[in-house]
Amino acid sequence: MMITVHHYLLLSIALFVIGAIGVVTRRNALIIFMSIELMLNAVNIAFLAFARWNLLIEGKMIVLFVLAVAAAEAAVGLGIVISIYRNRQTVYVDEMRLLKG
Amino acid sequence: MLDTLYQYISIQTLAWLIVALPLIGAALNALIAVGTAKREMGSYRSLVSFIGVVMPMLAFAAAAAIFVTMTSFESTDPSFITGPLFQWAVTKGLVIDIGLKMDQLSIVMALMVTGVGSLIHLYSVGYMGHDEGYARYFAELNLFLFFMLTLVLADNLVLMFVGWEGVGLCSYLLIGFWFEDIAKARAGTKAFIVNRIGDAFFLAGMFLIYAVMASANAPVNAGYFNFEMMSRYNAYFVPMAGIISLLLFGGAVGKSAQIPLYVWLPDAMAGPTPVSALIHAATMVTAGVYMVVRLNFIFALSPFALSVVASVGAATALYAATMGLTQTDIKKILAYSTISQLGYMFMAAGVGAFSAAIGHLITHAFFKALLFLCAGSVIHAMAGEQDIRKMGGLRYRMPVTCWTFVIAALAIAGIAPAAGFFSKDAILWQAFERGQYVLWTVGFIAAGMTAFYIFRAVGMVFFGESNVPPERYKKVHESPTSMAMPLIILAFLSLLGGLITVPHVLGGTDRLGTWLSKLIAYETSHAPGEESKATEIVVMVITLLWSIHFMVLGWVIYAQKREWPNAVAQKFGFVYTLVANKYYVDEIYDFLIVRPLNWISTKILWQTIDDTFVDGLAVHGTARTVGVWANIVSMAETGVLQQYLLYFLIGAVVVVGYLAL
Amino acid sequence: MDLIYSHLLSSIIFLPLAGMVIALLIPSRHEKAIRVVSMLVSVAVLVLVAKLWGMFVGTGEFEFSETIPWIPSVQIFYHVGVDGVALLLIALTAFLTPIAILASWNEITKSVKAFHVLILLLETGMLGVFASLDVFLFYVFWEVVLIPMYFLIGIWGSKDRIRAALKFFIFTMAGSVLMLAAILYASSVAGGSFDLVTWYGHKFGLMEQFFLFGAFAIAFAIKVPMVPFHTWLPDAHTEAPTAGSVILAGILLKMGTYGFYRFAMPLFPLAVVKFAPLMLTLAVIGIVYGGLVAMVQPDVKRLVAYSSISHLGFVMLGLFSLDPLAVQGAVLQMVNHGLSTGALFLMVGMLYSRRHTRMIADYGGVARTLPVLTAAFVLITFSSIGLPGLNNFVGEFLVLLGSFQTRTAYAAVSISGVVISAIYMLWMVQRVFFGEATKEENIKLPDLRVREYWVLAPIIIFIFVIGVWPKPWITMIEKSTDAFLTLSKRVEMIVPAPVPVTLNEVKIPQGGE
Amino acid sequence: MPQFAQMDWTNLFNMALPWLVVFAAAVISFLAAALVEEEDSLVIPIVALAGIAVAFAVTWQRWLSPSANPVIGMFIFDRLAFFVWLIVLAAAAIAVLLSIPYLKARSFAKPEYYGLILLSTLGMGCLVSAGDLLMIYLGIETMSLAVYVLAGFLRFRAASNEAALKYFLIGAFASAFLLMGIAFIFGSAGTTNLAVLGQRSSEILSGEGRSFFLFGMAMLLVGFGFKVAAVPFHAWAPDVYDGAPTPITVFMATAVKVAAFVAFLRVGTSALRFSGDLWITVLTVGAIVTMLVGNLAAIVQENIKRMLAYSSIAHAGYILVAFPALVNDPQGAGRAILFYLFSYVLMTAGAFAVVVAMGLGAEEHTAISRLAGLGKRRPFLAAALSLFLLSLLGIPPTIGFFGKYYLFLTAVKSGFIWLVVIAVINSAMSAYYYLRPIVVMYFRSGEEAWPTEPMNPAVVAVLAVTSISVAYFGIFPANLLAIVSRSF
Amino acid sequence: MMEAILFYILASVAVIAALLVITRANPISSALMLVVCFLASAGIFAMLGATFLAVLQVLLYAGAIMVLFVFVIMLIQTDPKDLKKRQMTFGKLLGAAAAVYLAIVLGIAVWRPPFIAAPQAGEAFLTPSTIGHQLLTTYVLPFEILSVLLLIAIIGAVVLAKKKI
């Protein structure tokens, strides 16, 4: 039973899709955000799998950057969530329908 | 004397003057009319009269001078052309010159038009004397003369058409002269529109002539529409002659008020009576006849077309005469009479007796103008009353009018030796001689009716007891000299005008026929043999007796036994109603053409096709569809983030699915 | 002055624009000054056009042509020039614009400055459309015309003006964007050039011709307008102010027919063969249908608008019958329609300014109170009907005569238009002017004012001039229409050869049969 | 991948100088924020503007004399980058200028604001000169992160919060897709360098890496589709444009979009176009749907900001019309896209500037009906808005017309005539909504004497520059066209 | 073989944890499950030879970021009873279906021969020193940009989240 790059990719895709499902099904902004983090994590797995199989260091370096960017995004994203909570006392996106049409 | 004239002015210029003088008069009077609009005319009135009357008279003088000159020409063909004043249109394939053609036919017409025209202008001075539109009236009347002379003297078909339409315009303006009466304005509109229907055919005929001339490779430079050229390339017309003739005749039917387009003429009586006399009796309505004679070289090529012309003419002659029997409006009687007489002319043309047609045209101009002017005189005296049932016994109050009217009535009834006798007899004889017995019979019957209805009018208006209220009757007076004078002159002409067409059999020379013979392509001028001579005299006498019989009948019944007609009318109630209502033709046209056209235009074309389908369904429908989709697309933007994410995901799935599989 | 004379055509095109700038600089409270300046500028344009007319030879080629590189990297040039037809229409534009300004002298009181600025801009656009020989340039001017007219209708129009303006804009826009697509495609197959003369020399493929012609034809047919693309016209005409209606009917509609004359037909002769029956059918339908619908309109302006549809049907009939006489007639008919319908709108405007209604039913019997206006109106009516001796007859006669020779059936049906036009016009005149003045308001109305005489007199003079002596006008356009026919009848197309892009002195094939 | 070790530091410094200037200005503005006491001091915006101006001048100078060897590491300092960055800088300057009165009117002139704009601009600089997918990702993130913050900058306003949240969540979601795409492209090609990808993509596509490569490409397309607001990845745009502070809306609609498009263009020309038909189909369909949805939805908008947002979606659709042409005629299509982007920035910025000018009172009024009678009250403002709208509509002689013309010409030349026909029909449809504000301004009369505030000099400056440019380049596009041609 | 067992264990933990993340009503539970998922992923990272990144994942992600998350959750949500009831809507179903379809499509696209094992030799082992070297040579430009990014994040978070500036 050989574990090939395809196995890792399938895992990555599975996590990515689970994240995507979470994004489209949940209404809590925080959980949506977490789902997105799941997707980024899946991407990282894909990068590393490819790096491993192609014997390229670039893949791993990119993951490093992705991690950093994800952290930065988390900071800003949580800031936004807090500021909206201050105004509206909610984090449910279906209650935010001020802008539409 | 003429030689002195020609030292100063060439005969060509003189010819141009015939046309130009009325135009100048029209222009001057139009300026006065615009200048005095909404103001009192004051002293301008005499200036207007002067210009208005003198110009036609000068034109008449010019025409007379040319006529005299032409008769004195020694060559066999006295006709001449003026040459182009200017070229109206010149392009590859089309040359139209503005030129006049003075020949035997046109000069006779010009004489008649200017002559009768001058008299009627003179008459109008008195008749219209107190109208506020005096200047306008004379401007329009002069303009009419201009166009009529253009029509008559034109050397090509297009210029003739200019005159043709121009007289239509003037007719429109003059019928609706008293435009404040909407019925009169309506009559003018109707006249123009009905004429236009004929003109459309005329145009089509012209286009076919062009096609023929083009196919004949005629030299373009001379102009395809030039009468001279057309007659020169006569032979090429053979294949198309029938259709061309019929189309042109369509124009004539409109202008000369034949079946089925005669309906405008009775209504046209709404105009001032001198106008009716000039335009709707003497000149314009005869333009159709003139055109047929002018183009006789085409008509003669198609026996079928000629037979159509003759049949329509005969039918109209009889049909209009029947309607003349029952009318009670004096002008209407004369109008139907005019239609009927025009029918005679077409019958003559149709059997090929073109010069007889012109002969009747001329004499008819005299006596019918006279009839109208007399009627005008009566109406003038009766303060606008036109119903003959409310007249009677007027001969004591206005003798000149009465006796001139009687002379004209004799003429139209065809009682020898008045003018109408010779000209009408010529037509009937020509029909008879050529074996057109049906036509002859129709014409014969109509002749009797003519005599009857015209003397019915004579009887009811001038003789018998007066139906005029006594106080009014006392006020009735003879017309002033300016009006009486033309009556007398025309009476003279009506009495003696027949001399120009006295046939050989009566020892005459048929001067007109001889004069015109050069121009007539196909007049079977039988040298009358002994047999036919006898026949001719027999037929003539029968016709004369027939007419006299009806004349007397009409006079007796309506001057003496006025209760009879009512009895007859009651007995033949249905027929009487039918005829008295002019066979309901106006109503039928209204029902079959006018209303459906209006309804279709309004309901189907405008409201259904235009508003509902094109604009509504197609244009606004598109807009609405776009609007609906816009709303749908806009509604998709619900404001809920998850929806957006869903669109995103579905989009991604589609893109990835398409690319990755 | 020399500069103006050496670039006479360009000076004519851009003089109104310069006038517009001047008008913009005048503070808007000096209304009189703005009016005077606009009037002077438009008259100056007329004078220059007269000068141009005097120098015009009439060779059938494009004269006064000027070529300046504009966007050379995409082969777009400022290339203008005129043949007889273009010159005639330019003259018409230059002639009607001052009249429109004069007609608005007292009528327009709102935003006077903007009004004149827009009129002058409009004039530049219209002149440019008729003078352009570069298709891109043509399209630019074509669209430039759209905006000022939109504002003219939208700001100074009557009640329903907004909808009418929008309809006008979107209709025209819809057509012209298709034309844009066609222009793009045609240029891409014609070697990237936008020069009309180069295009004339290019052999477009059969299917290409069909599609390109279709796109051009829709754009122009909307502008003409041909049935069934006509429904914008009654609305636009009805709602537009007098000057707008005059220019719209007098000139803008001619842009459509001119488009057919200059572009759609000579460029795509094979398509002309294919589509002629369709176009002729539409033209004939327009003649009859427009007339019949005009007949039953309750609104004078709508009536005149529908009559335009009918009249322009004659123009289209003339163009598509491809007969020399018919084409000449069609061109004259463009001018004649501009004069007569322009005058009709002017007079309807005069009536409106007195009575503030356009409904026929509100009038009746005004002939008594307005005798001179009535006289002029009847005159123009007969011009519009096509009375011989007046201008419209010349065009109609030539169109019918010519088309009768090549397209007998269509022409035969179209002759009915002659009757119908008499019906609707005279019926309208009868209802508006004749009869007894039963309505209080109609009894006391002032007759023509001095300014109104000046507005109408020039048009009436030309109505007579063209009607009585059409020869010089025909002579002026003859060579051009011959060239048009030569191009439009190229069923055997020119041998495909790489066309040199020499823009100066390119000659189009000399006319002749 | 070019080795960094060999890189010429001097050259890098030389080339990236404008980037550094902007960064320096940002840092200075943050430092100044600590020193300046009053909130609405003009010092910080002036610092920002000065930085942008210097950067602009330097960039222009670099454009005039580009380096012979533009590739430095993951950057490509070519004329394209400089030209686009000029546009971006101009857009940033416009955003800064408009922000001054806007924030002042709302008493919320926080000093961080301008620094964030500058940093975002810097991110765009990286994006437009990126020669590597990683750099594209980082550029996008840098640019977007700042804009997320800016969109939600008016913290007290619910709409602003909401806009920021929506933008952020969808943006992050899209980044995940983009990254996944990069991962698979990396996996199939073994590199993220665009130049190398360009050389090898045909080989990869015919090899066994094909499916990975196409998968990656699809994900990448999704990511870019989000950034340029192409349908169906557009849904955020109207809400975010609507809710964000108007100067930031300008910034998003112009600078962000331009940068994203240029990055897309770079990727498209280097690698993706070799997939030929697939690429064409997806982009053709995308272009059509984007135009349709944008134009349709814009028709029913009552709010001018939303209307312009949909309009900008539609314009993205027009630009996408030229993308399929990249396959056959990369140069022509690229130039057309660049020209259009330039014209798009001018007219969109101008139109939004008018919206800003209208919103300098106590409240921000963005309902189209509020424009009633503006033609009378503020003739210049109304005329400027009309000009921009007509330019957006594509009426000559405005730059919008020539841009559209050039764009469609390219597409036609590559044989996409039917696509162009659809595009022009859309263009006609757009007349519906572009004319509405004009109708309201000129044809309807408004009772109130509103807006009461006098024109702000900063807004006037923006309006003057944009309107004159729109008109001038519309009539004489030749010079601009020459610049564009030398940039691509 | 060992590798396979390890892989399947870690993978199933990660997937199950991920599923729990998106199904828990309470964000706290989700956050905790996310930590589990990240830890499992760290294991996967290590298996793929990126030990340093695995460590980083644990420290940075499972540690720092998730703590931040939990802080925010605690900050804004006082009572679990306030949590909204989850509801099934058509949109959600459609979204889930689309995502599943995406997974199938991707699976088919990815699951294609040749299935090859990872090459054993020549693997570039990513040590901290390699990373440092790389960051300052090849990746120096992205690294600099990253610094700008982080600057933005800091300022942005402050601007947005601070109660009063």
Side-chain angles (χ1 to χ4, degrees), chain B residues 30 33-34 37-38 86-94 136 147 158-159 161-166 168-169 172-173 176 179-182 184-186 188-189 192-193 195-197 199-201 203-204 206-208 210-211 214 597-598 600-602 605-606 609-611 613-615 618-619 623, chain C residues 167 170-171 227-228 230-232 234 289 292-293 295-297 324-325 328 364-365 367-369 371-372 374-375 378 382 385 387-389 393-394 397-398 400-402 404-405 408 411-412 415-416 418-419 422-423 426-427 429-430 433-437 447 468-471 474-475 478 482 513:
Chain B
V34 171
K38 280 180 120 173
F86 61 90
Q87 292 188 305
W88 190 72
V90 179
T91 170
K92 216 173 299 150
L94 182 70
R136 179 162 61 91
F147 278 123
V158 175
L159 189 57
F161 188 71
V162 172
W164 183 272
E165 289 272 290
L169 162 73
Y172 164 80
L173 294 172
F179 52 78
E180 275 169 278
D181 182 347
I182 191 72
K184 290 182 162 53
R186 212 174 272 153
T189 310
F192 194 88
I193 290 168
N195 265 304
R196 265 269 155 157
I197 297 173
D199 297 348
F201 288 101
L203 275 175
M206 282 166 78
F207 301 151
L208 275 181
Y210 179 91
L597 202 62
N598 233 316
I600 289 171
S601 301
T602 312
L605 295 183
W606 176 29
I609 296 186
D610 219 55
D611 276 4
F613 284 103
V614 180
D615 203 37
V619 177
Chain C
K167 201 169 174 183
I170 296 205
F171 247 101
V227 175
H230 64 284
T231 55
W232 63 270
Y289 176 89
L292 287 176
V293 178
M295 185 171 79
V296 294
Q297 293 304 312
L325 292 177
Q328 287 163 11
R368 168 146 301 274
T369 41
V372 181
T374 308
V378 170
F382 275 95
I385 290 174
L387 190 81
F393 173 70
V394 185
F397 181 75
L398 287 176
L400 287 174
L401 176 60
F404 210 88
Q405 311 305 320
T408 312
I415 292 179
S416 68
V418 169
V419 179
I423 297 178
L426 291 182
W427 197 32
V429 167
Q430 173 195 313
F433 292 99
F434 299 153
E436 209 173 334
D447 206 352
V468 172
W469 197 31
K471 180 185 163 186
I474 298 177
T475 312
E478 195 180 354
D482 283 346
E513 281 159 275

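A, B, ... follow the sequence lines: proteins, then strands. Residue 1 opens every chain.
- If you measure heavy-atom distances from C/Leu325 to chain B, the contacts under 4.5 Å come from the side chain alone.
- Taking chain B as the reference chain and counting heavy-atom pairs below 4.5 Å, the highest number among C/Arg368, C/His230, C/Lys167 is found for C/Arg368.
- Ranking C/Asp447, C/Ile170, C/Thr475, C/Ile474 against chain B, the residue ahead of the rest is C/Ile474, based on heavy-atom pairs under 4.5 Å.
- Each of B/Gly168, B/Ala185, B/Gly93, B/Ala623 has some count of heavy-atom pairs under 4.5 Å with chain C, and the biggest count is that of B/Ala185.
- Counting heavy-atom pairs closer than 4.5 Å to chain C, the top residue among B/Leu169, B/Asp611, B/Leu208 is B/Leu169.
- B/Phe192 and C/Leu387 make their closest contact through CZ-CD1, 4.3 Å (heavy atoms, listed as atom of the first residue, atom of the second, distance).
- At a 4.5 Å heavy-atom cutoff, C/Thr374 makes no contact with chain B through either its backbone or its side chain.
- For B/Leu597, the parts lying near chain C are the backbone and the side chain together; criterion is any non-hydrogen pair under 4.5 Å.
- Both the backbone and the side chain of B/Ile609 come within less than 4.5 Å of a heavy atom of chain C.
- Within the 4.5 angstrom heavy-atom criterion, no atom of B/Phe147 approaches chain C.
- With chain B as partner, the option from C/Ser416, C/Pro470, C/Ala422 having the largest number of non-hydrogen pairs under 4.5 angstrom is C/Pro470.
- For the residue pair C/Ala437 and C/Gly365, the shortest heavy atom distance occurs at CB-O, 3.6 Å.
- Under the 3.5 Å distance criterion, the side-chain polar atoms of B/Arg136 are left unmatched by any main-chain donor or acceptor of B/Ala30.
- Of the atoms belonging to B/Arg186, heavy atoms from both backbone and side chain fall under 4.5 Å from chain C.
- Contact tally against chain B (heavy-atom pairs below 4.5 Å) for C/Thr369, C/Val227, C/Thr408, C/Leu398: the top residue is C/Thr369.
- With a 4.5 angstrom heavy-atom cutoff, C/Gln430 touches chain B via backbone and side-chain atoms both.
- A donor-acceptor contact shorter than 3.5 Å is absent between the side chain of C/Glu436 and the backbone of B/Ile182.
- In this structure, C/Phe382 has its ring center no closer than 6.0 Å to that of C/Phe393.
- Side-chain contact between C/Phe171 and C/Thr231: present, with at least one pair of heavy atoms (C-beta onward) separated by less than 4.5 Å.
- Across C/Trp427, C/Phe433, C/Phe397, the residue that shares the most heavy-atom pairs under 4.5 angstrom with chain B is C/Phe397.
- Of the two parts of C/Ala412, neither the backbone nor the side chain holds a non-hydrogen atom closer than 4.5 Å to a non-hydrogen atom of chain B.
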CA sep, side-chain torsions, deciding dist, call: B/Asp610, C/Tyr289, side chain to side chain donor-acceptor pair (under 3.5 Å): CA-CA 10 Å; B/Asp610 219 55; C/Tyr289 176 89; 2.4 Å; yes

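- Side chain of C/Gln405 to backbone of B/Phe207: a donor-acceptor contact under 3.5 angstrom is found.
- Contacts of B/Val619 with chain C are made by side-chain atoms alone, with heavy-atom separations under 4.5 Å and no backbone atom involved.
- In terms of heavy-atom pairs under 4.5 Å with chain B, the best-connected choice from C/Ile385, C/Val378, C/Val394 is C/Ile385.
- In terms of modelled atom types and a separation under 3.5 Å, the side chain of C/Trp469 and the main chain of B/Gln87 share a donor-acceptor contact.
- Looking only at side-chain heavy atoms (C-beta outward), C/Val418 and C/Leu400 come within less than 4.5 Å of each other.
- Proximity of B/Val158 to B/Met206: side-chain heavy atoms (C-beta onward) are separated by under 4.5 Å at one or more points.
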